[in-house]
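This report refers to the structure that appears directly beneath it.
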Protein chains: 2
Amino acid sequence: MPRLDESLLTHLPPFSRLEKRQIRRILDQASSRRYDAGVAIFQEGHPAERFFMLLDGYVRVVRITATGEQVTALHIPPGQLIGIARAIGRDTYPATAMTASESLALSWPMHLWDNFVAEYDGFATESYKTLGQRLGEVQNKIVEMATQQVEQRVANALLRLVNQTGRKVENGIEIDFPITRQDLSELTATTLHTVSRLLSGWEKQGLVESRRKRIVVRDPHALVVLSQK
Amino acid sequence: MPRLDESLLTHLPPFSRLEKRQIRRILDQASSRRYDAGVAIFQEGHPAERFFMLLDGYVRVVRITATGEQVTALHIPPGQLIGIARAIGRDTYPATAMTASESLALSWPMHLWDNFVAEYDGFATESYKTLGQRLGEVQNKIVEMATQQVEQRVANALLRLVNQTGRKVENGIEIDFPITRQDLSELTATTLHTVSRLLSGWEKQGLVESRRKRIVVRDPHALVVLSQK
DNA sequence: CGCCAACTTGAGTGCCGTCAAAGTTTGTGG
DNA sequence: CCACAAACTTTGACGGCACTCAAGTTGGCG
């Protein structure tokens, strides 16, 4: 295994208050692994043996119903910890983590969690902040689903993706990982058909441009207006 | 202020590992207060000055949209901490806590939070477990809203309330705090009209009985069946 | 006894899901 | 390099669930 560079972690919140020496030690205990798009990093209900730091790529936190439908609860950008069951006193993962794009993650055996919390200043605090943010996001999602129409939810989801993961391109801002109509529908609790119709409509009005698995937002402001009506 | 009895806290998870002497000290720092039904214990966005232990009554965790609609994200039973913004590194409350019934809560100034975490064994762990449970519940709710019809959601909500707060009565199990059609509709993201129609229907079939603000479930099993179809 | 909140019920309608079919892009193996 | 399959996308037709609007009833409280 190639020796990992310290700069990978120095700027990430859970580790940002640590000294080089400490980060070195943390890296030496880590495994690094690449994941293809669309695979599970860990699965709901399985014993929580490791926790992860997503270095590159995007991950969907997914729950699967009895009838096999998938519901996406969260999208996680690079630089966050995932699979931190231990932080909330669980010994199995509470949800499945699927890669949305090709991804790279470090991981550590779960028994190191307590060490990290005890030895590294700020590690626990920052982890719990992340947890709090996620709780907030999930609550927002409930509010959205309870009060908004499908059109507004899809507009919001697009805006959120653009903000989190947008990359400037010629005609606007592109979501920088492959995303299908199906993915968007799971994110917004609707069907791929409805998403397709909406995107077609918006494309005709010049708000977005899309090809297979790629979406470019040309007029974010118009989407904001849509999302609030 | 009357001296509070130690037995109030001894059996509650965040404090259950502590000695009598420690609990005494914690109680001496607490304020105790009664709340009428339907009032806010604290409000979203306000500075998080105190954290609370709900001793009696029920609390709805509510978010209010720009247009004034209320959405209930969680129901909290007695024996849980609320308003623990500090635990997730926030200094304002992330949601509003409304009493669903007359309630009783202890509270402490937020600056004691760090003391509690540092000095009392198990306090932090148990608090984070609670947090994790809430994250799980909220995610369940998203899945429910994404995949189930209104009828099933209402049936589920009723079952959950009965499990959390049910009290045996002559003809079945009664939800032991006043709850309106409106409350149920905010809990399940529908309208009071639809809830009213559903309850009327179920009443005709003998599944439930209801008068103003009171609901008795006569046949929980039938509701389970409904909720899963 | 009057008022108000809570609840009920009916009628109409529109959003969006389901069903169905066809078109387009990408990748793969011969 | 072409054929073909698989994955993704589009579009139309139809219908039902649940929302809105509207009117009225019930029950509790001062």
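Each chain gets a letter, A, B and so on, in the order the sequences are listed, and its residues count up from 1.
- Per the geometry, NZ belonging to A/K213 stands 8 Å off P belonging to D/dT9, to the nearest Å.
- Side chains of A/S210 and A/R181: a donor on one and an acceptor on the other come within 3.5 Å.
- Take the nearest nucleotide of DNA chain D for A/I179 and for B/E151: the residue whose nucleotide is more 5' is A/I179.
- At a cut-off of 3.5 angstrom, the base of D/dA18 holds no donor-acceptor pair with the side chain of B/R197.
- Atom CD in B/E69 sits roughly 12 Å away from atom C1' in D/dC19 (whole-Å rounding).
- The local environment of CZ in A/R60 is crowded, with over 12 non-hydrogen atoms from other residues, nucleotides or ligands closer than 6.0 Å.
- Atom CG in B/L184 sits roughly 14 Å away from atom P in C/dA6 (whole-Å rounding).
- Between the A/T99 side chain and the A/E102 main chain, no donor and acceptor come within less than 3.5 Å of each other.
- Residue B/E209 contributes atom CD, which lies 13 Å from atom P of C/dT8 at whole-angstrom precision.
- Checking C/dT24, C/dT9, D/dT10 against the side-chain heavy atoms of A/S200 singles out D/dT10 as nearest.
- Applying the 4.0 Å criterion to OP1 and OP2 of D/dC8, one finds that A/R181 has every side-chain N and O outside that range.
- Following rounding to the nearest Å, B/Q182 (CD) and C/dT8 (P) show an atom-to-atom distance of 13 Å.
- The phosphate of D/dC8 has neither OP1 nor OP2 within less than 4.0 Å of any side-chain N or O from A/T180.
- Look at CZ on B/R211: it is 13 Å from C1' on D/dG27, rounded to the nearest Å.
- Note on ring orientation: taking the six-membered ring where Trp is involved, the planes of B/F52 and B/Y93 are tilted (angle from 30° to 60°).
- Checking the phosphate oxygens (OP1, OP2) of D/dC19, a side-chain nitrogen or oxygen of B/T194 falls inside 4.0 Å.
- Here C/dC15 presents its C1' atom at 11 Å from CG of A/L198, a figure rounded to the nearest Å.
- Of the side-chain N and O atoms in B/T190, one or more sit less than 4.0 angstrom from OP1 or OP2 of D/dC19.
- Evaluation of atom-type donor-acceptor distances gives no pair under 3.5 Å for the side chain of A/H193 against the base of C/dT18.
- To the nearest angstrom, P of C/dT25 lies 16 Å from CZ of A/R214.
- The phosphate of C/dT18 has neither OP1 nor OP2 within less than 4.0 Å of any side-chain N or O from A/T191.
- The side chain of B/S196 places no N or O atom within less than 4.0 Å of a non-bridging phosphate oxygen (OP1 or OP2) of C/dC7.
- For the residue pair B/T188/B/T190, the side-chain donor-acceptor check at 3.5 Å is not satisfied.
- The residue A/L192 sits close to a base: some heavy atom pair falls under 4.0 Å.
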